[in-house]
2 protein chains.
Amino acid sequence: MELSATAYVILGMVAREPQSGYEIKALVDKTTRFFWAASYGQIYPELRRLAEAGLVRGIDASRGERKRTVYEITADGRAALEKWLREPPRTYELREEGLLKLFFAGALPPEEAVATLRAMRDHRLGVAEELSAIEAKALIKDLRGDPFPLMVLRGGIEFNEWFADWCGRMERQLLDPVRERRSS
Amino acid sequence: MELSATAYVILGMVAREPQSGYEIKALVDKTTRFFWAASYGQIYPELRRLAEAGLVRGIDASRGERKRTVYEITADGRAALEKWLREPPRTYELREEGLLKLFFAGALPPEEAVATLRAMRDHRLGVAEELSAIEAKALIKDLRGDPFPLMVLRGGIEFNEWFADWCGRMERQLLDPVRERRSS
DNA sequence: ACAGGCATGTAAATAGTTACATGATTCG
DNA sequence: CGAATCATGTAACTATTTACATGCCTGT
């Protein structure tokens with residue numbers, strides 16, 4: 001059975017401990033959203049499909065009158081998750097709209113093309129800062145023995161900083177034709 | 001009027017010179033596909049919509065019996081493209097399935113988690129090589145005065161190399177607990 | 001009382017992929 | 001002749017976002 005990457009996000013989240021749909025969404029927004037987001041419109045229908053396929057099991061966890069269902073992973077679900085984790089990644093595409101704009105920046109006058117790079121740089125620095133704020137909070141709690149979430153978060157920070165730096169270098173290259181001639 | 005990013009890809013491609021749908025697809029596959037891909041199922045319907053909106057104009061360019069339409073950008077189309085190019089980027093998400101697997105790698109025994117990083121590294125080195133092959137070809141022809149396509153391509157190569165290096169560093173960190181303790 | 005967070009869900013729209021169908025032309 | 005490439009397109013499916021509807025519970 002073919003599962004979407006979003007299905008594996010859900011499976012991975014409930015594999016740690018049982019979660020409600022609402023909690024999964026909150027977790028995704030705090031953790032994987034910078035490289036894989038998910039909306040309620042995906043999470044709830046997907047939870048139902050996973051339950052029908054026997055990969056998760058819904059458990060009533062109502063609090064008083066407020067109805068609530070948490071989902072736990074089944075043995076089959078864990079097997080499916082581990083199988084997926086063992087397959088090599090094959091992502092080719094990054095989906096970076098900034099690079100798209102830069103690719104076509106020749107359609108603008110040169111000063112404005114430089115502004116594109118500057119905007120990309122500012123944006124990436126902003127994201128790096130946002131992620132750093134999350135890191136600070138993440139360090140305080142909830143990392144009993146699993147180094148990977150923090151590793152990925154730090155990778156995200158480093159990536160955004162690297163990208164911002166690249167934008168800065170490209171900006172200088174555009175503004176300094178001598179250096180450009182030398183390096184090409 | 002709101003246009004999708006894919007619509008701007010098409011607009012940007014025909015802004016250089018008039019292209020048929022088939023040529024646009026071939027161009028995208030040679031250039032933007034590592035950060036923004038497009039399929040025939042998007043390109044042909046989108047060309048029709050853009051023509052209806054007056055942003056491109058179809059011109060019959062049949063060769064003998066073989067029907068063929070090339071699209072050229074209109075003044076309105078150029079204005080829409082430039083307006084979009086001037087807006088700051090806002091991409092937050094990267095969609096990297098490898099990072100997703102790494103995030104959940106704690107569900108596997110430690111040796112296999114290391115294998116995830118190794119697979120990511122190999123994959124990124126492979127993509128860097130593919131892009132380098134394209135770069136070699138791109139250098140030969142077709143870059144009259146527009147530095148941006150090559151800049152973006154080189155950025156893609158650098159990114160994949162940076163990412164591969166990061167994977168290598170993370171792998172060593174996992175294999176060397178002393179260093180890990182020091183850095184956290 | 002009311003704001004804010006908890007909780008579940010759906011409808012509609014948009015976006016994007018895959019697979020197929022059709023047929024011409026070119027090159028070996 | 002057959003394969004590859006040129007060329008256009010659609011149907012069906014899958015993925016994803018956005019906006020909305022509903023209602024409970026907690027703290028001020």
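Convention: sequence-line order gives letters A, B, ...; per-chain numbering from 1.
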Within 6.0 Å of CD in A:Glu112, more than 12 heavy atoms from elsewhere: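 Count over threshold, so yes.
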Within this structure, what is the [atom1]-to-[atom2] distance between [X] and [N], rounded to whole angstrom?
{"X": "A:Ile43", "N": "C:dT8", "atom1": "CD1", "atom2": "P", "answer": "11 Å"}
{"X": "A:Gln19", "N": "C:dT8", "atom1": "CD", "atom2": "C1'", "answer": "16 Å"}
{"X": "B:Tyr92", "N": "D:dT17", "atom1": "OH", "atom2": "P", "answer": "14 Å"}
{"X": "A:Tyr22", "N": "D:dT22", "atom1": "OH", "atom2": "P", "answer": "19 Å"}
{"X": "B:Lys25", "N": "C:dA19", "atom1": "NZ", "atom2": "C1'", "answer": "13 Å"}
{"X": "B:Arg95", "N": "C:dA15", "atom1": "CZ", "atom2": "P", "answer": "15 Å"}

Looking only at the side chain of A:Ser39 (C-beta and beyond, no hydrogens), which of the listed nucleotides C:dA7, D:dT8, D:dT17 gets closest?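 Output: D:dT17.
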May I ask you to decide whether B:Arg33 forms a salt bridge with A:Glu93, counting only side-chain N to carboxylate O separations under 4.0 Å? no
Quick one: bend of the helix from C:dA1-D:dT28 to C:dG28-D:dC1 from 5 pairs per end, to 10°?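 Comparing the first five pairs with the last five, the axes sit 30° apart.
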Listed pairs, N/O of protein and of nucleotides 24-28 of chain D, under 3.5 Å:
residue : atom : partner : partner atom : Å
D:dC24  : O2   : A:Arg66 : NH1          : 2.7
D:dC25  : OP1  : A:Glu65 : N            : 2.9
D:dC25  : O4'  : A:Arg66 : NH1          : 3.2

My understanding is that only residues two or more places apart in sequence, or in another chain, count here; which of them pass side chain to side chain contact (heavy atoms under 4.5 Å, CB included) with [X]?
{"X": "A:Glu23", "value": "A:Gln19, A:Ser20, A:Arg68, A:Val70"}
{"X": "B:Asp165", "value": "B:Arg169"}
{"X": "B:Tyr40", "value": "B:Tyr22, B:Lys25, B:Tyr44"}
{"X": "A:Arg16", "value": "A:Asp146, A:Pro149, B:Phe103, B:Phe104"}

Pairs where residues 105-137 of chain B contributes a residue and the test ring-ring contact (aromatic ring centres under 6.0 Å, His included) is met, not counting sequence neighbours: none
For residues 50-92 of chain B, which residue pairs pass the ring-ring contact (aromatic ring centres under 6.0 Å, His included) check, not counting sequence neighbours?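 Passing the test, one end in residues 50-92 of chain B: B:Tyr8-B:Trp84.
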Can you sort out the partners of A:Arg66 under salt bridge (Lys or Arg N to Asp or Glu O under 4.0 Å), two or more places apart, ordered by chain and number?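 Partners of A:Arg66 by the salt bridge (Lys or Arg N to Asp or Glu O under 4.0 Å) criterion come out as none, since no residue qualifies.
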Set of residues satisfying salt bridge (Lys or Arg N to Asp or Glu O under 4.0 Å) with respect to B:Glu161, sequence neighbours excluded: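 Residues passing salt bridge (Lys or Arg N to Asp or Glu O under 4.0 Å) with B:Glu161: none at all.
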Would you tell me whether A:Ser62 and A:Asp60 have side-chain atoms, one donor and one acceptor, within less than 3.5 Å of each other?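 Indeed, the side chains of A:Ser62 and A:Asp60 share at least one donor-acceptor pair under 3.5 Å.
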Pairs under 3.5 angstrom, nitrogen or oxygen only, protein versus nucleotides 9-11 of chain C, please.
none

Give, ordered by number, those residues of residues 3-14 of chain B having at least one heavy-atom distance below 4.0 Å to an atom of DNA chain C; if nothing qualifies, reply none.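 When residues 3-14 of chain B is checked for heavy atoms under 4.0 Å from DNA chain C, the hits, listed by number, are B:Ser4, B:Thr6.
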